[in-house]
Amino acid sequence: MEYNWVYAIISVFIVSMMSFTGILFLSFKTEHLSKWVHGIVSFAVGAILGNAFLHLIPEAFNSSSSPAVTSFLVFAGILAMFILEKVFHWDHDHDVSEHQSKVKSFGYVSL
């Protein structure tokens, strides 16, 4: 008797519960969350980059007929995300005292 469907349901449940840990962090107070947000964002970035460089990009090279086109598309994607990040985080302000009092946390958006 095969119980593959049971294992599939259990694994989907476990992965879904792990994704709900973000809701746990939202229940923290702002003071506690500000201590953790840089580490959490760093972990998330590391997981995404690890997945891209260890799984997605090698798979793209294996399934592509032209490595040059794949290399260009990978570079174009990195460059596009860099430009988007610079555009959305661009802040031009001449009032230094007001600028230092404003706190912008893009880590919450990333999470």
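Just so you know, residue 1 is the first one in the sequence shown, and it goes up from there.
- Residue Phe61 qualifies as enclosed at atom CZ: its count of foreign heavy atoms under 6.0 Å is above 12.
- By the criterion of side-chain heavy atoms lying less than 4.5 angstrom apart, applied directly or through intervening Ile, Leu, Val, Met, Phe, Trp or Tyr residues, Ile57 is grouped together with Ile78 in one hydrophobic cluster.
- Enclosure of atom CE in Met18 is not indicated, since only 12 or fewer non-hydrogen atoms of other residues, nucleotides or ligands lie within 6.0 angstrom.
- Cluster membership for Leu84 and Phe82, using ILVMFWY side-chain heavy atoms within less than 4.5 angstrom, is not shared.
- One hydrophobic cluster holds both Val74 and Val45 under the rule that ILVMFWY side chains link at heavy-atom gaps under 4.5 Å.
- There is no path of hydrophobic side-chain contacts, each under 4.5 Å, that joins Val12 to Ile9.
- Both Phe13 and Phe20 are part of a single hydrophobic cluster, where members link through side-chain heavy atoms under 4.5 Å apart.
- Closest non-hydrogen pair, Ala52 versus Pro58, comes out as O-CD, 4.0 Å.
- If you take CD1 on Ile10 and CD1 on Ile14, they are separated by 7.0 Å, rounding to the nearest 0.5 Å.
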